[in-house]
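Not measured: the values here are computed from a predicted model. Residue numbers count from 1 along this sequence.
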Amino acid sequence: MSLRVYLAKPRGFCAGVVMAIQAVEKAALELADEGDLVVYHSIVHNDVVVNRLREQYGVHFVEDLAEIAELERRHKLARTVVFSAHGIPPQVREQVRAMGWSYIDATCPLVTKVHTEARRYAEQGYTVLLIGDSADHQEVKGTYGEAPGHTVLVAVHTHVGRDPRMADPRTVRVPDPDRVVVLTQTTLSVDDTDRTIEILKERFPNLVLPSRDDLCYATKNRQDQVGRIAPQVDLFLVLTSSYSSNGMRLYEIARSMTRAERIDTAADLRPEWFEGVGAVGITSAASTPEDLVQDVLAYLRRLFPDLEVVEEGEWERIHFREPARVPPGVSGV
Ligand code: SF4
């Protein structure tokens, strides 16, 4: 039997993820004499990436700066924290400064742009309606932290009720309906976000929309490719960690159009999935390393020696500048 694979392009690492991983690798090597590096939150939402950094570079990941005291009892630390690509609430930066530590801010610039908008509109007296996945998502926490007294979290209209802390766009209330702006997490479904904003616009006719929407280019490009490939395949394989927002949106979109399976690595594949299947689509989240995709292709080549691979589309040519280490006592923002 033969199998045709449609390999989505672009797929995998976006510029923000490349920048963040390189920042950690470089800092871990440069600071090796001073001690181990600490990263606040998973640098990107992929377990393979996190485990490789832990094992190959000796990096420690913390979800709370309070964990550092215990780490210091067991390890020599370089007294430097890297902030993840998803961003942080400003209070975390202040805490690091108060500890007298350095930091490297690997927040994706496209997330920082949303933070800046949240601050700016809050200062002008607007209520920020922040559409996101969940109140626990690190990016949502970071943006919310910029103006907590002026921000209301709103669920994507298809996800209402999943997180009770996220308001329903159909019923959300604000102090002044004429001074409302909508911002979003960068990695949501394009279609669902558009519809959620339409609902808000019907409720608040003077709703302000930022000049360019907040969904990032990598999110849009990967979703576009899934939408293009899905009608041609019997099965879509989406390589993503279950807690990657952009990856799970790819999986949802694929699943709404054809049969789809989410996998972390090729080890999750089952030969029975391919019975009676003539064409398979493959994509990967913006935080999934390319070698995991190649492992899936190698697996399929063993099952189908005549495997045909179709790869159309363009790679993105976007690069973000590497972040500098900000020493204690220096304002980096
Ligand atoms: Fe930045 Fe988009 Fe990548 Fe997130 S998915 S790190 S916002 S480029």
So with a 6.0 Å cut-off around [atom1] of [X], is the heavy-atom count from everything else above 12?
{"X": "Arg173", "atom1": "CZ", "value": "no"}
{"X": "Arg321", "atom1": "CZ", "value": "no"}
{"X": "Glu314", "atom1": "CD", "value": "no"}

Taking the basic N atoms (NZ, or NE/NH1/NH2) and the acidic carboxylate oxygens, is any pair closer than 4.0 Å for [X] and [Y]?
{"X": "Glu34", "Y": "Arg79", "result": "no"}
{"X": "Glu117", "Y": "Arg120", "result": "no"}
{"X": "Glu198", "Y": "Arg195", "result": "yes"}
{"X": "Asp291", "Y": "Arg52", "result": "yes"}
{"X": "Arg262", "Y": "Asp268", "result": "no"}

Checklist line | Worked verdict on Glu322 versus Lys26 for salt bridge (Lys or Arg N to Asp or Glu O under 4.0 Å) | finding: CA-CA 10 Å; Glu322 72 177 65; Lys26 192 169 166 218; 2.4 Å; yes
Spatial distance of atom [atom1] ([X]) from atom [atom2] ([Y]) [nearest 0.5 Å]:
{"X": "Ser134", "Y": "Asp163", "atom1": "OG", "atom2": "CG", "value": "4.5 Å"}
{"X": "His86", "Y": "Ser244", "atom1": "NE2", "atom2": "OG", "value": "7.0 Å"}
{"X": "Leu31", "Y": "Tyr57", "atom1": "CG", "atom2": "OH", "value": "13.5 Å"}
{"X": "Ile229", "Y": "Leu7", "atom1": "CD1", "atom2": "CG", "value": "7.5 Å"}
{"X": "Leu65", "Y": "Ile68", "atom1": "CG", "atom2": "CD1", "value": "5.0 Å"}
{"X": "Leu292", "Y": "Asp264", "atom1": "CG", "atom2": "CG", "value": "9.0 Å"}

Checking side-chain polar atoms at under 3.5 Å, does [X] have a donor or acceptor matched by the opposite partner on [Y]?
{"X": "Gln294", "Y": "Glu290", "result": "yes"}
{"X": "Tyr251", "Y": "Arg249", "result": "no"}
{"X": "Glu316", "Y": "Asn221", "result": "yes"}
{"X": "Thr219", "Y": "Asn246", "result": "no"}
{"X": "Arg222", "Y": "Gln225", "result": "no"}

Within a strict 4.5 Å, meaning less than it, do heavy atoms of the [X] and [Y] side chains meet?
{"X": "Val326", "Y": "Asp105", "result": "no"}
{"X": "His115", "Y": "Pro90", "result": "no"}
{"X": "Leu71", "Y": "Val62", "result": "yes"}
{"X": "Ser245", "Y": "Glu139", "result": "no"}
{"X": "Asp213", "Y": "Thr193", "result": "no"}
{"X": "Leu130", "Y": "Val152", "result": "no"}
{"X": "Leu183", "Y": "Ile131", "result": "no"}
{"X": "Tyr121", "Y": "Thr127", "result": "no"}

Any donor-acceptor N/O pair, [X] side chain to [Y] backbone, under 3.5 Å:
{"X": "Gln138", "Y": "Gly87", "result": "yes"}
{"X": "Thr258", "Y": "Val233", "result": "yes"}
{"X": "Ser241", "Y": "Tyr243", "result": "no"}
{"X": "Asp234", "Y": "Val277", "result": "no"}
{"X": "Thr171", "Y": "Ala167", "result": "no"}
{"X": "Thr186", "Y": "Leu215", "result": "no"}
{"X": "Lys201", "Y": "Leu207", "result": "yes"}
{"X": "Asn46", "Y": "Val49", "result": "yes"}
{"X": "Gln223", "Y": "Leu188", "result": "yes"}
{"X": "Gln232", "Y": "Arg228", "result": "yes"}

Hey, quick one: are [X] and [Y] part of the same hydrophobic cluster, counting side-chain heavy atoms closer than 4.5 Å, chains of contacts allowed?
{"X": "Val38", "Y": "Ile88", "result": "yes"}
{"X": "Val24", "Y": "Val17", "result": "yes"}
{"X": "Leu237", "Y": "Leu307", "result": "yes"}
{"X": "Val309", "Y": "Leu303", "result": "yes"}
{"X": "Ile318", "Y": "Val114", "result": "no"}

Next item on the list: Going by the side-chain hydrogen bond (donor to acceptor under 3.5 Å, both in side chains) test, name the single residue among Gln124, Glu146, His150 that passes it with Arg119.
Entry: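 The side-chain hydrogen bond (donor to acceptor under 3.5 Å, both in side chains) with Arg119 is passed solely by Glu146 among Gln124, Glu146, His150.
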Item checked: Among Leu53, Val59, Val50, the one residue meeting side-chain contact (heavy atoms from CB on, under 4.5 Å) with Val39 ->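 For Val39, the side-chain contact (heavy atoms from CB on, under 4.5 Å) check succeeds only for Val59.
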Notebook entry, point to check: How are the rings of Phe83 and Tyr40 set relative to one another: parallel (under 30°), tilted (30 to 60°) or perpendicular (over 60°)?
Noted result: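 It falls in the perpendicular class, over 60°.
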Please report the shortest heavy-atom distance between [X] and [Y], naming the atom on each side.
{"X": "Glu72", "Y": "Leu77", "answer": "CG-CD1, 3.4 Å"}
{"X": "Arg325", "Y": "Ile104", "answer": "CA-CG1, 3.6 Å"}
{"X": "Glu63", "Y": "His41", "answer": "OE1-ND1, 2.8 Å"}
{"X": "Lys141", "Y": "Ala135", "answer": "CG-O, 3.5 Å"}
{"X": "Ile43", "Y": "Phe61", "answer": "N-CE2, 3.7 Å"}
{"X": "Ser42", "Y": "Ser84", "answer": "O-CB, 3.3 Å"}

Next item on the list: Please assess Asp133 against Gln185 for the test side-chain hydrogen bond (donor to acceptor under 3.5 Å, both in side chains), listing each intermediate value before the final yes or no.
Entry: CA-CA 8 Å; Asp133 267 339; Gln185 195 179 324; 3.2 Å; yes
Margin query: I'd like to know whether Leu129 forms a side chain to side chain contact (heavy atoms under 4.5 Å, CB included) with Phe204, so could you lay out the CA-CA distance, the side-chain angles of the two residues, the decisive distance to 0.1 Å, and finally the verdict.
Written below: CA-CA 11 Å; Leu129 295 178; Phe204 308 110; 3.9 Å; yes
Next item on the list: Under the side chain to side chain contact (heavy atoms under 4.5 Å, CB included) rule, what do Leu3 and Asp306 come out as? Steps first, then yes or no, please.
Entry: CA-CA 7 Å; Leu3 183 75; Asp306 296 336; over 6 Å; no
Margin query: Would Arg301 and Tyr299 count as a cation-pi pair here, with the cationic atom under 6.0 angstrom from the ring centre and within 45° of the axis?
Written below: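 No, Arg301 does not sit over the ring of Tyr299.
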Next item on the list: Would you verify whether the NZ or CZ of Arg179 falls within 45 degrees of the ring axis of Tyr126 while also being under 6.0 Å from that six-membered ring's centre?
Entry: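 Yes, Arg179 sits over the ring of Tyr126.
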